[in-house]
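Working notes, structure below.
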Amino acid sequence: METTEEKEEQILIRITGQDRPGLTASIMEILARHNAHILDIGQADIHSTLSLGILIRIGDMHSGQVMKELLFKAEELNVNIGFLPVSDEEYEAWVNRQGKNRFILTVIGRTLSAKQIAAATKIIAGQGLNIDSILRLTGRMSIKNPERNVRACIEFSLRGTPNNREQMQAQLMHLASEQEIDFSFQRDDMYRRMRRLICFDMDSTLIQTECIDELAARAGVGEQVKAITERAMRGEIDFKESFTQRVALLKGLNAGVMQDIAEHMPITEGADRLMSVLKRCGYKIAILSGGFTYFGEYLRHRYGIDYVYANELEIDDDNKLTGRYVGEIVDGRRKAELLKLIAQVEQVNLAQTIAVGDGANDLPMISEAGLGIAFHAKPRVKATAQQAISTIGLDGVLYFLGFKDSYLGEQGKL
């Protein structure tokens, strides 16, 4: 008597309809009874509408019965179900594509429109990248109370290798300026998921002012100092030279005004939430600033910051500023050196570091870090950085790290 050897085949099962508890369990129970092997599975849920895909490998003697039982179950559950055979060759071709490079494109804005997403995805497609999955990181927007969530972020998981990464980066940054959205394009590797050290500029990054301008206003030399500051931040003059000139103008100012300035520093939108999450997740946090130590120390106590490196103003016996500084100036080169030094001390790979800043003197550390972010930055800085945030607050950094609002909460509590 001849026996027919059972052959195995692949079947893609596609289920759509109203989501409900127990739906996946019911489907899996049927597949389990027939010893189906799960080769792949994925699910998306939008407005309680389910889209579930399951790729199985099963003996051809069981496949007909499995599909029959699944059809009855789908009718019982009031969902749509479809089946697609996948040949061995098609499956192997799909497996081989998994070895391609993977990237994450994060798109952020106050809101996101179809026009903006269409423009971004057109650039992706033009570079030969395929979208594997799309994930919303921000909470759902309320129509009746839109002020509750004034940010939108979508994360695209991409597969492939850009035809011209430099060109793609330029296209994305141009689109960011044109359509008021922000982008981050990162390789999806273990370092992206394991960042451990974040270094911030202080003035115009963690706080929405330049402390030297505040001191200058108290000293009656505000306009002179502000003009020098703006030229330095635009990269038009050497930072050390500009710093020395500005500090000299503060000579004779009573140092007591620094306390009042510190207590009234305008904290950047999203900074409280960002710091809360970073501390709870065990990040080491540093301030690397061309500003002044006094204000950095104030922020250290407020947020539990681990390192503060800034410039020390010299004070005479009458508690007045001498117009000089003490020690080495923390300029752009020094910031990059300090980032690498702290990473070494904390035994953190440089690829696990983040740098956030707005000025030309932040470019060295932004370029050195594993993830460099230009925050509401000057044009030259934004044009040079790989990632930028210009549309929302400082907590936008969390989305570049892959955090979701659903497990952060409104105040950043885990």
TODO: Using modelled atom types only, decide if a donor and an acceptor are shared between the side chain of N101 and the backbone of R187 within a distance under 3.5 Å.
DONE: no
- [ ] Could you tell me whether E328 and R333 have a side-chain N and a carboxylate O separated by less than 4.0 Å?
- [x] yes
Open item on the list: Here's a test for you: under salt bridge (charged side-chain N to carboxylate O under 4.0 Å, His left out), which of R192, K404, R136 qualifies with E155?
Closed with: R192
- [ ] Evaluate the side chain to side chain contact (heavy atoms under 4.5 Å, CB included) criterion for residues I287 and Y303: first the C-alpha distance (whole Å), next the side-chain angles of each, then the deciding distance (0.1 Å), finally the verdict.
- [x] CA-CA 11 Å; I287 288 177; Y303 294 119; over 6 Å; no
- [ ] With sequence neighbours excluded, tell me which residues meet side-chain contact (heavy atoms from CB on, under 4.5 Å) with F72.
- [x] K68
TODO: Name all residues meeting the ring pair (Phe, Tyr, Trp, His ring centres under 6.0 Å) criterion together with H376; count only those two or more places apart in sequence or in a different chain, and write none if there are none.
DONE: none
Open item on the list: Between Q127 and Q167, is there a side-chain donor-acceptor contact under 3.5 Å, judged purely by atom types and distance?
Closed with: yes
- [ ] Check the surroundings of atom CD in Q347: do more than 12 heavy atoms from other residues, nucleotides or ligands lie under 6.0 Å from it?
- [x] no
TODO: Report yes or no: does T353 contribute a side-chain atom to a donor-acceptor pair with the main-chain N or O of A369 at less than 3.5 Å?
DONE: no
TODO: Without swapping roles, check the side chain of S367 against the backbone of P364 for a donor-acceptor pair under 3.5 Å.
DONE: no
TODO: Assess whether salt bridge (charged side-chain N to carboxylate O under 4.0 Å, His left out) is satisfied between R193 and D188, documenting all intermediate values.
DONE: CA-CA 8 Å; R193 303 168 188 273; D188 189 12; 2.8 Å; yes
Task: Test item: T205 side-chain N/O and M202 main-chain N/O as donor-acceptor pair under 3.5 Å - done: no
Task: Side-chain (E312) to main-chain (T293) donor-acceptor, under 3.5 angstrom - done: no
Task: Beyond-backbone contact of L215 with L313, side-chain heavy atoms, under 4.5 angstrom - done: yes
Task: For Q352, all residues meeting side-chain contact (heavy atoms from CB on, under 4.5 Å), sequence neighbours excluded - done: Y191, M194, R196, V348, N349
TODO: Give a yes-or-no answer on whether the side chains of D405 and Y399 include a donor-acceptor pair shorter than 3.5 Å.
DONE: yes
Task: Option passing side chain to side chain contact (heavy atoms under 4.5 Å, CB included) with I54 (candidates R14, Q43, M28) - done: M28
Open item on the list: Would you say that more than 12 heavy atoms from the other residues, nucleotides or ligands in this model lie under 6.0 Å from the CG of N78, or not?
Closed with: no
- [ ] Count the heavy atoms of every other residue, nucleotide or ligand shown that sit under 6.0 Å from NZ of K279, and state whether that count exceeds 12.
- [x] yes
Open item on the list: The test is side chain to side chain contact (heavy atoms under 4.5 Å, CB included); show your working for I373 and F400 and say whether it passes.
Closed with: CA-CA 9 Å; I373 303 171; F400 285 178; 3.7 Å; yes
TODO: For the pair D203 and F295, evaluate side chain to side chain contact (heavy atoms under 4.5 Å, CB included) and give the outcome as yes or no after the intermediate values.
DONE: CA-CA 9 Å; D203 296 23; F295 306 106; 5.9 Å; no
Task: Test item: K335 side-chain N/O and L288 main-chain N/O as donor-acceptor pair under 3.5 Å - done: yes
TODO: Would you check, one step at a time, whether the test side chain to side chain contact (heavy atoms under 4.5 Å, CB included) holds for Y307 with V345?
DONE: CA-CA 11 Å; Y307 298 91; V345 169; 3.9 Å; yes
Open item on the list: Just checking E166: does its CD atom have more than 12 heavy atoms from other residues, nucleotides or ligands closer to it than 6.0 angstrom?
Closed with: no
TODO: Let me know which of E75, E69, E76 forms a salt bridge (charged side-chain N to carboxylate O under 4.0 Å, His left out) with K73.
DONE: E76
Open item on the list: Would you compute the distance between atom CZ of R302 and atom CE of M265 and round it to the nearest 0.5 angstrom?
Closed with: 8.0 Å
Open item on the list: Taking the side chain as everything from C-beta on, heavy atoms only, tell me whether L31 gets closer than 4.5 Å to I13.
Closed with: yes
Task: Backbone N/O of G290 and side chain of N311: donor-acceptor pair under 3.5 Å - done: yes
TODO: Salt-bridge test for R334 and E337: reply yes if a basic N is under 4.0 Å from a carboxylate O, no otherwise.
DONE: yes
Task: G359 backbone acceptor or donor facing D362 side chain under 3.5 Å - done: yes
TODO: Output yes when a side-chain donor or acceptor of S276 lies under 3.5 Å from a complementary backbone atom of D272, and no otherwise.
DONE: no
TODO: Mark yes or no for whether D306, through its side chain, and I285, through its backbone, hold a donor-acceptor pair below 3.5 Å.
DONE: yes
Open item on the list: Distance alone, cut at 3.5 Å: any donor-acceptor contact between the side chains of T268 and Q208?
Closed with: yes
Task: Polar side chain donor-acceptor pair, H264 to E214, under 3.5 angstrom - done: no
Task: Crowding at CD, E90 (>12 non-hydrogen neighbours, <6.0 Å) - done: yes
Open item on the list: Could you tell me if S157 and D132 have a donor-acceptor pair between their side chains, going purely by distance under 3.5 Å?
Closed with: no
